[in-house]
Amino acid sequence: MNKTSISEMMRVLVDEYKLNRQWGTAHVYQSALNAFAAFAGRRNLHFDDLSAHIVKDFEIFLRQRQCSWNTVATYMKALKATYNRAVEMGLAAYTPRLFANVRIAVTNCRKRALDAIEIAPLVATSATPPSPTLHQVKLVFALMFLLRGIPFVDLAFLRKDNIRNGYLSYRRRKTGRTLTVKLTAEATAIIKTLTADTPRKSPYLFPFINSQEGSLQAYNEYQRALRKLNHQLRKLSAAMNYARLSTYTARHSWATMAYYCEIHQGIISEAMGHSSIAVTETYLKPFHNDRIDQANDTVIAYIKSSTKNK
């Protein structure tokens with residue numbers, strides 16, 4: 001068997017993703033490689049060293065470093081993909097159930113969404129934060145919500161020609177699905193405000209990105225804009241006495257509001273451009289119990305009222 005090390009194979013995949021300009025995926029695999037290298041230490045682990053015991057030890061190592069379960073799952077998924085590629089290339093022997101006892105799937109187990117009372121002031125034009133910068137941030141958040149919870153990466157890379165005849169049409173960068181959103185009067189007004197600083201010659205709708213799409217420079221600009229926005233959203237949270245806001249909050253809040261409006265999960269999935277309804281169910285999972293509790297309260301209230309009427 002070829003004595004290619006696991007770290008060497010991960011570097012090959014990092015370089016491959018960079019060559020394909022998949023900068024985000026390359027970043028994830030590089031982070032996973034760094035973590036695995038720290039775990040291996042001075043050991044130069046090869047694929048014939050890989051066992052269910054080693055894989056489990058890596059998971060324990062990540063948890064001991066205070067990595068979240070989703071980070072653990074992401075790094076495990078990268079390691080498993082690296083192993084599968086090595087098997088395909090004849091660089092590793094296939095071992096059944098090698099990753100059976102570790103977490104691979106990323107889950108959404110905490111509530112990131114706001115309720116209707118909380119989201120309303122963020123979308124309303126009447127509520128004004130204490131500074132022009134936070135007002136601008138509030139507008140970005142409101143627009144993300146009004147555009148059916150558009151992810152910030154898709155918002156940042158929107159082009160001027162994505163808007164035609166009162167509709168926004170764009171391709172989701174994560175799933176490749178094309179989405180078309182009818183622009184409301186509120187969304188149109190916010191877009192007009194936010195595009196005031198976009199250079200006339202820029203193909204982009206908003207001034208988040210300057211470099212050519214697909215370049216490493218454009219990816220780095222997006223990452224800087226994302227970090228800056230999330231930092232400013234935390235300040236907005238404090239100013240408006242909210243729990244911590246992030247770019248994810250707008251997306252999860254839209255999905256939750258649609259769920260509470262009793263819109264079918266299939267429609268929510270289509271509206272958000274999810275790869276499958278299973279992804280939508282992951283978004284909404286923290287709220288299923290809330291609805292069940294409400295149903296129970298309704299049943300109990302009905303029983304009580306029936307008893308009083310006798």
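This one's a predicted model, so the numbers in the text were calculated from it and none came from an experiment. In this chain, numbering begins with 1 at the start of the sequence shown.
Contact check for L45 versus F36: side-chain heavy atoms found under the 4.5 Å cut-off. With contacts defined as side-chain heavy-atom distances shorter than 4.5 Å, the pair F58/V102 does not qualify. Taking the side chain as every heavy atom from C-beta outward, D49 and I6 never approach each other to under 4.5 Å. Considering only heavy atoms from C-beta on, L33 stays 4.5 Å or farther from T82 through its side chain. Residues F141 and L233 meet the side-chain proximity criterion, which asks for heavy atoms closer than 4.5 Å. Taking 4.5 Å as the limit, some side-chain heavy atom of Y170 sits within range of a side-chain heavy atom of I150. The shortest side-chain heavy-atom distance between T95 and L50 does not fall under the 4.5 Å cut-off. You'll find the side chain of E8 stays beyond 4.5 Å of the side chain of V12, heavy atoms only.
Interatomic distance, OG1 of T249 versus CG of L114, reported as 6.0 Å (0.5 Å rounding). For the atom pair NZ of K182 and OG of S169, the computed distance is 15.5 Å after rounding to the nearest 0.5 Å. Interatomic distance, M240 CE to K138 NZ, rounded to the nearest 0.5 Å: 6.5 Å. Distance CG/L179 to CG/L147: 10.5 Å, rounded to 0.5 Å. Note that the CG atom of L62 and the OH atom of Y75 stand 8.0 Å from one another [nearest 0.5 Å]. Annotation: the span from L236 atom CG to L245 atom CG amounts to 5.5 Å, rounded to 0.5 Å.
The backbone N or O of G273 lies less than 3.5 Å from a partner atom in the side chain of T175, making a donor-acceptor pair. Y83 contributes no side-chain N or O that, together with a main-chain N or O of A92, makes up a donor-acceptor pair within less than 3.5 Å. S269 places no side-chain N or O within donor-acceptor distance of the main-chain N or O of Q265, the cut-off being under 3.5 Å. Checking side-chain atoms of N230 against main-chain N and O of R227 turns up no donor-acceptor pair under 3.5 Å. Not a single donor-acceptor pair under 3.5 Å links the side chain of E59 to the backbone N or O of M76. The backbone N or O of L98 lies less than 3.5 Å from no partner atom in the side chain of K80, so there is not a single donor-acceptor pair. Side chain of K56 to backbone of N101: a donor-acceptor contact under 3.5 angstrom is found. Checked by atom type and distance alone, the side chain of E221 pairs as donor or acceptor with a backbone atom of S211 at under 3.5 Å. Side chain of R148 to main chain of W254: no donor-acceptor pair is present (N/O by atom type, distance under 3.5 Å, no hydrogens or angles). R164 contributes no side-chain N or O that, together with a main-chain N or O of L168, makes up a donor-acceptor pair within less than 3.5 Å.
Enclosure of atom CG in D161 by more than 12 non-hydrogen atoms of other residues, nucleotides or ligands within 6.0 angstrom is indicated. Counting non-hydrogen atoms of neighbouring residues, nucleotides and ligands closer than 6.0 angstrom, the NZ atom of K160 exceeds 12 such neighbours. Other residues, nucleotides and ligands contribute at most 12 non-hydrogen atoms within 6.0 Å of the NZ atom of K174.
No continuous path of ILVMFWY side-chain contacts below 4.5 Å connects L79 to I60, so the two sit in separate hydrophobic clusters. Linking ILVMFWY residues whenever their side-chain heavy atoms come closer than 4.5 Å, directly or via other members, places Y222 and L216 in the same cluster. Y167 and M144 are not part of a single hydrophobic cluster, where members link through side-chain heavy atoms under 4.5 Å apart. One hydrophobic cluster holds both V55 and Y94 under the rule that ILVMFWY side chains link at heavy-atom gaps under 4.5 Å.
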Could you please spell out the steps behind the side-chain contact (heavy atoms from CB on, under 4.5 Å) verdict for E186 and V123?
CA-CA 9 Å; E186 295 86 351; V123 177; 5.9 Å; no
CA sep, side-chain torsions, deciding dist, call: L155, L143, side-chain contact (heavy atoms from CB on, under 4.5 Å)
CA-CA 9 Å; L155 185 80; L143 183 61; 4.0 Å; yes
Might you work through the side-chain contact (heavy atoms from CB on, under 4.5 Å) test for F39 and I54, ending with a clear yes or no?
CA-CA 10 Å; F39 162 71; I54 291 288; 4.1 Å; yes
Does E213 form a side-chain contact (heavy atoms from CB on, under 4.5 Å) with R159? I'd like the steps, not just the answer.
CA-CA 10 Å; E213 185 170 1; R159 303 173 77 88; 3.1 Å; yes
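For the pair I117 and Y242, the tightest heavy-atom approach, listed with the atom from each and the gap, is O-OH, 4.4 Å. Closest non-hydrogen pair, A255 versus I268, comes out as O-CD1, 4.0 Å. The two residues L134 and A239 make their nearest non-hydrogen contact at CD1-CB, 4.0 Å. Of all heavy-atom pairs between T256 and H252, the closest is OG1-O, 2.7 Å. Across all their heavy atoms, H46 and N44 have their closest contact at ND1-O, 2.9 Å. F145 and I119 get closest at one heavy-atom pair: CE1-CG1, 3.9 Å.
Donor-acceptor pairing under 3.5 Å is lacking for the side chains of T195 and T198.
With sequence neighbours left out, R172 forms a salt bridge (Lys or Arg N to Asp or Glu O under 4.0 Å) with D154. With sequence neighbours excluded, no residue satisfies side chain to side chain donor-acceptor pair (under 3.5 Å) with R43. In this structure T133 satisfies the side chain to side chain donor-acceptor pair (under 3.5 Å) test with no other residue, sequence neighbours excluded. Under the side chain to side chain donor-acceptor pair (under 3.5 Å) criterion, H231 pairs with no residue, sequence neighbours left out. For N34, the side chain to side chain donor-acceptor pair (under 3.5 Å) partners are Q30, not counting sequence neighbours.
The aromatic rings of F152 and F208 lie perpendicular to each other, with more than 60° between the two planes, well past the 30° mark.
Sorted by first and then second residue, the pairs that involve residues 10-29 and meet side chain to side chain donor-acceptor pair (under 3.5 Å), not counting sequence neighbours, are E16-R85.
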